[in-house]
Amino acid sequence: MVESVLPNIYRIEVPLPDNPLKAINSYVIKGQKRNLIIDTGMNRAECRTALTAGLAQINIDLENTDFFITHYHIDHSGLVSSFIKPGAKVYASEDDGIVINRASGGDTREYWMELQEYAAKHGFPPKLAEQAILNHPGNAYKPEHPLNFTYILDGDFIKAADYNFQCIITPGHTGGHVCLYEKERKIFISGDHVLENITPNISQYSEDEHALDNYLQSLDKVAGLSVDFVLPAHHGTFRNFAARVRQLKEHHLSRIEEVWQIVREYKSVSAYEIASRMTWDMRGNWEDYMVQQKWFAFGEAVSHIEFLHGVGRLTPIQGHNGLINWTIK
């Protein structure tokens, strides 16, 4: 599906098969000399077919097209290597560009093993963790090869058509997530930072990410912007930007308290056990969840645990076998 959302800005809905998000919005800004495509979909046939058809429908010449990747997640970055032409620029933050290239290089075992080992240390059953990595979409649908990124900095401007977008780095959903803001027209291309109908997943799989703290600060960073029209990466465009930012912050503050109450009740508990006791929108019991659902729920639990650790409300206890449990400080 192709929709004209603003003058010279089009939304191509790219399907995400077997994914609860259903689809990603690839935004195309059509200029007189060069075009800009924002996010692409996964590197799989269904995404490639939909994006190719959408670009043809609006007569986009890839020879004159640059790309902007809001963050490293595979539904945003996976397909870009299939569409870039010689001389094209691919914009991203340095933090996320490095992750994309590390995860899509010739030998990615070290990258994925680090995630698997961290998860096991925090209670994720090792065989399940291995299965989660093998089936992870980031492993299956990554770019075909590392990319030569043009790294952007916070506050940089990118011109496309007659728009002048300011790059706003908003870490949290990933370490280098980037939004685009057009001050004159009050347009905000939000990636996965602010979504209307769903809450962005804030996951953490290492000790030094501080994902939730970063995300809450990034919400505060954009909260005061004058925004009339939001172009998110998933679902439809919307206008209630300020209210939605407040709702997202309130949601995570509530989740923080839920995690603290679980640790308070069970005294000493692993991140995996905490995740199994949290409330989720998914149907059924924890035991019935698919391994990928458990993986992302675990990552979300860790980000809230590490936030509580950072503010001094939880402390880790390491057992003789290396397994880490959490208790109230």
Side-chain angles (χ1 to χ4, degrees), residues 12-19 21 23-29 34-55 60-116 132-152 158 167 169 171 173-180 189 191-192 201 203 205 233-234 292 295-296 299:
I12 301 176
E13 189 175 81
V14 179
L16 300 173
D18 308 316
N19 188 296
L21 291 172
I24 183 175
N25 298 322
S26 180
Y27 293 102
V28 183
I29 305 177
R34 293 197 69 80
N35 314 301
L36 183 67
I37 297 175
I38 302 168
D39 293 336
T40 61
M42 298 177 178
N43 186 13
R44 55 184 298 174
E46 299 90 337
C47 299
R48 187 178 299 105
T49 297
L51 187 57
T52 299
L55 295 174
I60 293 297
D61 181 1
L62 288 173
E63 297 289 345
N64 302 313
T65 299
D66 298 316
F67 294 81
F68 187 96
I69 304 302
T70 60
H71 60 290
Y72 73 72
H73 287 158
I74 215 67
D75 53 328
H76 298 254
S77 66
L79 201 54
V80 65
S81 63
S82 303
F83 283 83
I84 53 175
K85 298 296 182 182
K89 290 184 177 180
V90 183
Y91 298 100
S93 70
E94 184 172 6
D95 283 351
D96 278 25
I98 288 172
V99 174
I100 290 170
N101 283 344
R102 190 178 178 213
S104 61
D107 186 354
T108 64
R109 286 175 295 178
E110 182 182 358
Y111 172 79
W112 292 105
M113 279 302 298
E114 286 177 6
L115 302 188
Q116 186 175 328
I133 294 299
L134 288 173
N135 296 328
H136 198 290
N139 206 6
Y141 306 119
K142 60 193 177 187
E144 295 171 358
H145 53 76
L147 300 162
N148 183 21
F149 286 105
T150 296
Y151 291 135
I152 57 93
I158 293 179
C167 301
I169 296 183
H173 184 64
T174 65
H177 186 288
V178 188
C179 299
L180 293 173
I189 299 178
D192 280 0
N201 179 269
S203 289
Y205 299 96
H234 302 284
Q292 287 304 125
W295 180 259
F296 290 117

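It should be emphasised that the depicted structure is a prediction, and the values quoted were computed from it without experimental measurement.
Closest approach of Pro15 and Cys47 over heavy atoms only: O-SG, 3.1 Å. Smallest separation of non-hydrogen atoms from Ser82 and Asn43: OG-OD1, 3.7 Å. Taking all atoms of both residues into account, the shortest heavy-atom contact from His234 to Asp192 is CD2-OD1, 2.9 Å. Shown here for Lys89 and Asp66, the closest heavy-atom pair between the two residues is N-OD1, 2.8 Å. Shortest non-hydrogen contact noted between Ile169 and Ser93 is CD1-CB, 4.5 Å. In terms of heavy-atom proximity, Cys167 sits nearest to Phe68 at SG-CE1, 4.1 Å.
Residues Asn35 and Ile37 form no side-chain contact, since every pair of their non-hydrogen atoms from C-beta on lies 4.5 Å or further apart. Side-chain contact check for Thr174 versus Val99: every heavy-atom pair is 4.5 Å or farther apart. Counting heavy atoms from C-beta on, the side chains of Val90 and Thr150 never come closer than 4.5 Å.
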side-chain contact (heavy atoms from CB on, under 4.5 Å) between Ile38 and Leu36, intermediate numbers included: CA-CA 6 Å; Ile38 302 168; Leu36 183 67; 4.3 Å; yes
Stepwise side-chain contact (heavy atoms from CB on, under 4.5 Å) test for Ile69 and Tyr91: CA-CA 6 Å; Ile69 304 302; Tyr91 298 100; over 6 Å; no
side-chain contact (heavy atoms from CB on, under 4.5 Å) evaluation trace for Asn19 with Asp75: CA-CA 10 Å; Asn19 188 296; Asp75 53 328; 5.7 Å; no
Verdict with reasoning, Thr70 to Tyr27, per side-chain contact (heavy atoms from CB on, under 4.5 Å): CA-CA 11 Å; Thr70 60; Tyr27 293 102; over 6 Å; no
Working for side chain to side chain donor-acceptor pair (under 3.5 Å), residues Asp39 and Ser26: CA-CA 5 Å; Asp39 293 336; Ser26 180; over 6 Å; no
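Partner of His177 under the ring pair (Phe, Tyr, Trp, His ring centres under 6.0 Å) criterion, out of His73, His71, His76: His71 alone.
For Asp95, there are no salt bridge (Lys or Arg N to Asp or Glu O under 4.0 Å) partners two or more places apart in sequence or in a different chain. Applying the salt bridge (Lys or Arg N to Asp or Glu O under 4.0 Å) criterion to Glu114, with sequence neighbours excluded, gives Arg102.
Heavy atoms of other residues, nucleotides or ligands lying less than 6.0 angstrom from CG of Asn148 number 12 at most.
Separation of atoms CG (Asp96) and OH (Tyr72) is listed at 6.5 Å; rounding is to 0.5 Å. How far CD1 of Ile74 is from CD1 of Ile100: 7.5 Å, rounded to the nearest 0.5 Å. Going from atom OG1 of Thr40 over to atom CG of Leu79 covers 5.0 Å, rounded to the nearest 0.5 Å. Atom CZ of Phe67 sits about 7.0 Å away from atom CZ of Phe83, to the nearest 0.5 Å. To the nearest 0.5 Å, the span separating CG on Leu62 from OG1 on Thr65 amounts to 5.0 Å. To the nearest 0.5 Å, atom OH of residue Tyr141 and atom CG of residue Leu16 are 10.5 Å apart.
For Tyr205 and Trp112, the ring centers sit 6.0 Å or farther from each other. Between His136 and Phe296, the ring centre distance stays below 6.0 Å.
Asn101 contributes a side-chain N or O that, together with a main-chain N or O of Leu147, makes up a donor-acceptor pair within less than 3.5 Å.
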